[in-house]
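Values in this document were obtained by computation on a predicted structure and should not be read as measured data.
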Amino acid sequence: MRITINNQDIDLSSDYLTIAELMKERGVKAGGTAIALNNKIVKHENWEITRLHDGDSVTIISAAFGG
């Protein structure tokens, strides 16, 4: 499966990944992170049930702390 993450094309080994599985695979922690799938925000409570499909576009936004 091929998707785009933050404007970078990525080939994934599995065709049955959820957003939660993708975040775990990429080492992204849920705290302070927002996800948009095809330009629509996905609530954190829906990450486990939201499946990715070939051609999807994922935007990962992580809060930066400090000054």
Side-chain angles (χ1 to χ4, degrees):
M1 170 174 33
R2 188 171 184 87
I3 65 170
T4 302
I5 300 176
N6 291 355
N7 297 317
Q8 181 179 4
D9 291 334
I10 304 289
D11 287 312
L12 300 176
S13 58
S14 175
D15 288 339
Y16 299 101
L17 284 179
T18 63
I19 288 177
E21 292 167 333
L22 176 67
M23 294 304 101
K24 183 177 179 182
E25 183 178 294
R26 301 203 47 97
V28 177
K29 298 191 189 284
T33 301
I35 302 294
L37 177 62
N38 300 321
N39 296 317
K40 294 184 180 178
I41 296 291
V42 178
K43 292 182 180 181
H44 184 263
E45 61 259 22
N46 293 329
W47 287 13
E48 291 284 339
I49 60 172
T50 304
R51 294 211 171 272
L52 298 170
H53 300 92
D54 192 50
D56 278 346
S57 176
V58 177
T59 303
I60 303 170
I61 303 165
S62 296
F65 298 99

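- Side chain to side chain, N38 and S57 fail the donor-acceptor criterion of an N or O pair below 3.5 Å.
- The side-chain heavy atoms of I10 and T4, taken from C-beta on, include no pair separated by under 4.5 Å.
- Between the D54 side chain and the M1 main chain, no donor and acceptor come within less than 3.5 Å of each other.
- A donor-acceptor pair is defined here as one N or O able to donate and one able to accept, closer than 3.5 Å; no such pair exists between the side chain of D56 and the backbone of I3.
- Atom CZ of R51 and atom CG of L37 lie 13.0 Å apart (nearest 0.5 Å).
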Could you list the donor-acceptor pairs under 3.5 angstrom formed between side-chain atoms of residues 17-31 and any protein atom two or more places apart in sequence or on another chain?
{"residue": "T18", "atom": "OG1", "partner": "A20", "partner atom": "N", "Å": "3.4"}
{"residue": "T18", "atom": "OG1", "partner": "E21", "partner atom": "N", "Å": "3.1"}
{"residue": "E21", "atom": "OE1", "partner": "T18", "partner atom": "N", "Å": "2.8"}

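- Within 6.0 Å of atom CG in D11, more than 12 heavy atoms from other residues, nucleotides or ligands are found, so the atom counts as buried in its surroundings.
- Within 6.0 Å of CG on N6 lie more than 12 heavy atoms contributed by other residues, nucleotides or ligands.
- Every ring pair (Phe, Tyr, Trp, His ring centres under 6.0 Å) that H44 has, sequence neighbours left out, goes to W47.
- Apart from I61 itself, the hydrophobic cluster it occupies contains nothing, where clustering links Ile, Leu, Val, Met, Phe, Trp and Tyr at side-chain heavy-atom distances under 4.5 Å.
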